[in-house]
Amino acid sequence: MLIDLSVCYAQKCNYHVSGKVLDVHHQTVPGAIVRIVDNSTGAAADTSGNFSIAGVCPGKHTIVTEAMGYKADSISVTVDGDKTLSITLSANNMLGAVVVNGQKVHDELHTVSQVELQGLALEQVRGSSLGEALKELPGVTAFQTGPTLFKPVIHGLYSNRIIIMNDGVTQEGQQWGSEHAPEIDPFTANTITVIKGAASVRYGADAIGGVILINPAELPTEPGIKGDFYMIGESNGKMGITSGSLQGAFGKKLKGLSWRIQGTARKAGTFRTPTYYLTNTQTQEGDFSADLGYTVKRWKFDVHYSEYNADIGVFAGAEANSQALLDSAFKSPKPFCPSYFSYNIARSYQIVEHDLLKASARYTFDNNGNLEVDFGLQKDFREEYSADLPPNPGLANIPELTFQLNTQTLDIVYTQPGKNGFSGSCGFTGSASGNIVQGLFYLVPNFRSYNGGLFYIERYSVHKLTLEAGVRYDYRWLQVYNENQTTLALYNETYTYPGNLSGTIGASYELTSRLSVSGNVGTGWRAPSINEMYIDGVHFSNAEFEIGDSALKAERSVNTGLSLKYKSNNFRGSIDAYYNIISNYIYAEPTLSYTPVYGVFYPTFQYTQSNVDIKGLDLVWAYDLVKHVTFQSKTTIVRGYNESIHNYLIYMPSDHFQNELIYHYDKIGRLNNPYVSVENVSVLKQTRVPPNSDYEPPPAGYSLFNAHCGFFLPVKKKQSFNLDISVNNIGNIQYRDYLDQYRYFANEPGVNCTVRIKYSF
């Protein structure tokens, strides 16, 4: 008998298999799981679709790549050295929310629940604002002010409790206002990831509610030019949107240098409910961004610039010149203002501008660890104009309120390579901000703040188990420059928040090849924002009088989450449950009184704080009924309880159910991935509110039907068309949403047909 002596000696398993995962549209597929079947090793593709598997033995291997919403891909590869692969996945079904199984999309926190919009799911919401698009994800709803302004709500938490990372930079703007939506053009995103749960350890003190990651596509490396062009039209508001991008890379002597330019223009007229127009809800927007990157040996340099510009009309039916008239407006089925269509924005309105300049450098060490430095400069500018002209004609063109926030941010992060099952990251994050407030009215004072934090995250993976822990220290300094409204004397007040710790500990375990479980406990804190402490006046863009409290304390959160994920050949599903205990929770409480300002009466809100519990669950599942037919369901349930008053917590999202039947096919003639779907969205009435706690009780629940169809059409090599048509609120149902600031005055928009055309080359 011959004996193969080669098996008696240890193999040198030191090769790397790396590469990129793409879809058929040449878009990256972040979060795809790439694994080597014979030894159960693998990796998750990062936000740019890149993956790397270390410690691969020589020989022939079967490599399987999987991602929810795509067909699994299996290839055979002979490894006799380091290998670089390009893997292409084709769509399997039309799942709107990609729930990542096992490995996580983002490298920093593996045991905190995450969901993502990418690929076709993202294409189907192109043209929507960031907050409106994220409503498609389980566990995410939106606080809105009319039909154009949406602020994301994650597990019942919103505003300054959620951090938005725009291309790796913490978005800093006047986000404290309920109608101050994120100043971001979603067309710049290749993927949008939502971390649902406490992420303060990695991203900073304000992330007790979660983090939204806006990830652009990686700059190209192959020489040549390619691009995308969108044309979108909507029937409600007669909105038109165009967006386009060009990108390329150089070769020869300029190899390693790449670039991208992108721009968006949007214009909408008055939006309409089933029976009347929402007068003065027009909007127009113009955005631009540019990127330049250079890669040489171990170094990678990137420069990014973006600007956002929007003029936004404020609904004309939200003001009244007497308390009796305001009470009548609350109870009237229709607003008292005239109903007509126009593209011209009248008073009241707001002008919003946001500029971002980012420079980053990354160095990769011999051990594959890397050090990255990101520096950002931001300017956020906002003007608000009231509905009525000032008594002095010379002040007609001066805004009632002007805000300008200038921010500098610095992030330094070292990511350690995986070795003996250990991996992790550590770093420093810091920011400095200054706000200047001008105008005819007082709302919040000028201020300056400095923030700094140190964090360390470590994880250990062995076989099917991953353990993770992290800790963070933050220091915050705030100085307020105020004026005594009686004596007009100027004075300063300083607040410091030293020694505040955040922490996280979690684990994930693959029970079987189909079933996995993960859990996490995290604690974080948040200092009160400037408006919660000092606001005292009319917020014209949402027609409210707000009063702050400078004695507010910092919030402290302890959030526990548990996730269960299952995947078989024809069924995919996940359950995320959470329980969040927050002490000193800050919110604006209706006083049930009215404040007159120059003859106009406004509902009044006072900032206060309580100890609260917020718990809930997100359920997502999809089942392939027969070949080409899939049923998918998403359920979001949130429960909030105010321990301080022993009653329910106001402004919690209503129970939300979304069910969709999808017919999808690989190919019909020249059409690739054609699909047709019918969807029902049902939202229950919010009955869990304290009695007599609001100006009007929560509105009735509602049930809407929507439809979708589309396809992908290759034209020539690397050229293609995408067509997507959707109709929302097919029945033209009249309804109001509990989390809409204008639910006191008006219904939500009626039927809306959207046509999206994309040309790629």
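Atoms considered below: every heavy atom in the structure, side chains included; atoms not considered: hydrogens, waters and symmetry mates.
- For the salt bridge (Lys or Arg N to Asp or Glu O under 4.0 Å) test, no residue two or more places apart in sequence or in another chain qualifies with Lys267.
- Gln144 and Asp740 form a side-chain donor-acceptor contact under 3.5 Å, judged by distance and modelled atom types alone.
- A donor-acceptor contact closer than 3.5 angstrom links the side chains of Tyr491 and Asn482.
- Listed by first then second residue, pairs satisfying salt bridge (Lys or Arg N to Asp or Glu O under 4.0 Å) with a partner in residues 431-454 number zero, not counting sequence neighbours.
- Among residues two or more places apart in sequence or in another chain, the salt bridge (Lys or Arg N to Asp or Glu O under 4.0 Å) test is passed with Arg736 by none.
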Applying side-chain contact (heavy atoms from CB on, under 4.5 Å) to Gln741 and Phe143, what does each step give before you reach the verdict?
CA-CA 8 Å; Gln741 294 288 97; Phe143 236 122; 3.4 Å; yes
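- Summarising the geometry, atom CG belonging to Leu478 is positioned 6.0 Å from atom CE belonging to Met533; distances are rounded to the nearest 0.5 Å.
- Rounded to the nearest 0.5 angstrom, Leu739 CG and Tyr158 OH are separated by 8.5 Å.
- Looking only at atom types and distance, the side chain of Tyr475 has no donor-acceptor partner in the side chain of Asn500 under 3.5 Å away.
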Trace of the side-chain hydrogen bond (donor to acceptor under 3.5 Å, both in side chains) decision for Thr595 with Thr604
CA-CA 6 Å; Thr595 302; Thr604 303; 2.6 Å; yes
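- Judged purely by distance below 3.5 Å, without hydrogens or angles, the side chains of Thr407 and Ser433 pair a donor atom with an acceptor atom.
- In this structure, the side chains of Leu405 and Lys379 stay at 4.5 Å or more apart for every pair of heavy atoms.
- Between Pro603 and Ala543, the shortest heavy-atom contact is CD-O, 3.6 Å.
- Within the 4.5 Å cutoff, the side chain of Phe187 has heavy atoms near those of the Ile241 side chain.
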Trace of the side-chain contact (heavy atoms from CB on, under 4.5 Å) decision for Thr523 with Arg556:
CA-CA 7 Å; Thr523 180; Arg556 168 63 67 175; 3.2 Å; yes
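- One finds a salt bridge joining Arg382 and Glu183 here, because a Lys/Arg side-chain nitrogen approaches an Asp/Glu carboxylate oxygen to under 4.0 Å.
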side-chain contact (heavy atoms from CB on, under 4.5 Å) assessment of Phe545 paired with Val597
CA-CA 9 Å; Phe545 193 97; Val597 178; 4.0 Å; yes
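- A salt bridge is defined here as a Lys NZ or Arg NE, NH1 or NH2 lying under 4.0 Å from an Asp or Glu carboxylate O, and Glu234 with Arg266 fails to meet this definition.
- By the ring-ring contact (aromatic ring centres under 6.0 Å, His included) test, Tyr744 pairs with Phe330, sequence neighbours left out.
- Checking Thr264 against Gln262 by side-chain atom types alone, a donor-acceptor pair falls below 3.5 Å.
- Taking the side chain as every heavy atom from C-beta outward, Thr170 and Met165 approach each other to under 4.5 Å.
- There is a side-chain donor-acceptor pair under 3.5 Å between His155 and Asp618.
- Of the charged side-chain nitrogens involved, at least one lies within less than 4.0 Å of a carboxylate oxygen, so that Arg743 and Asp694 count as a salt-bridged pair.
- The pair Arg476-Asp474 does not meet the salt-bridge criterion, since no charged nitrogen lies less than 4.0 angstrom from a carboxylate oxygen.
- There is no side-chain donor-acceptor pair under 3.5 Å between Thr591 and Gln606.
- Using a cutoff of 4.0 Å between basic side-chain nitrogens and carboxylate oxygens, Lys300 and Glu218 are scored as salt-bridged.
- In this pair, Tyr495 and Tyr534 present their aromatic rings perpendicular. The plane angle is above 60°, beyond the 30 to 60° band.
- The salt bridge (Lys or Arg N to Asp or Glu O under 4.0 Å) test applied to Glu123 returns Arg126, Lys758, not counting sequence neighbours.
- A salt bridge does not link Lys151 with Glu132: none of the charged nitrogens is closer than 4.0 Å to a carboxylate oxygen.
- We find the CG-OG1 distance between Leu149 and Thr283 to be 7.5 Å, quoted to the nearest 0.5 Å.
- By the 4.5 Å heavy-atom criterion applied to side chains, Leu213 and Tyr203 are counted as neighbours.
- Counted by atom type alone, Asn559 and Ser557 present zero donor-acceptor pairs between their side chains at under 3.5 Å.
- Neither side chain, Thr193 nor Gln114, offers a donor N or O lying under 3.5 Å from an acceptor on the other.
- Contact of the Asp287 side chain with the Ser306 side chain is not registered, since no non-hydrogen atoms from C-beta on lie closer than 4.5 Å.
- For the residue pair Gln378 / His354, a side-chain donor-acceptor distance below 3.5 Å is found, with atom types taken as modelled.
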Go through it in stages, so that I can follow the logic: the residues are Trp525 and Ser502, the test is side-chain contact (heavy atoms from CB on, under 4.5 Å), and I'd like the CA-CA distance, side-chain angles, deciding distance and then a yes or no.
CA-CA 7 Å; Trp525 68 283; Ser502 303; 3.7 Å; yes
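- Counted by atom type alone, Gln438 and Gln404 present zero donor-acceptor pairs between their side chains at under 3.5 Å.
- Using a 4.5 Å heavy-atom cutoff, the side chains of Phe375 and Leu377 are in contact.
- In this structure, Tyr602 and Glu319 have side chains that are in contact, with non-hydrogen atoms separated by less than 4.5 Å.
- Within the 4.5 Å cutoff, the side chain of Ile312 has no heavy atoms near those of the Val314 side chain.
- In this model, a donor atom of one side chain and an acceptor atom of the other lie less than 3.5 Å apart for Asn451 and Ser431.
- Side-chain N/O atoms of Asn215 and Thr191 include a donor and acceptor closer than 3.5 Å.
- In terms of the salt bridge (Lys or Arg N to Asp or Glu O under 4.0 Å) criterion, residue partners of Arg161 (sequence neighbours excluded) are, by chain and number, Glu555.
- When all heavy atoms of Asp737 and Glu748 are compared, the pair lying nearest together is N-OE2, 3.7 Å.
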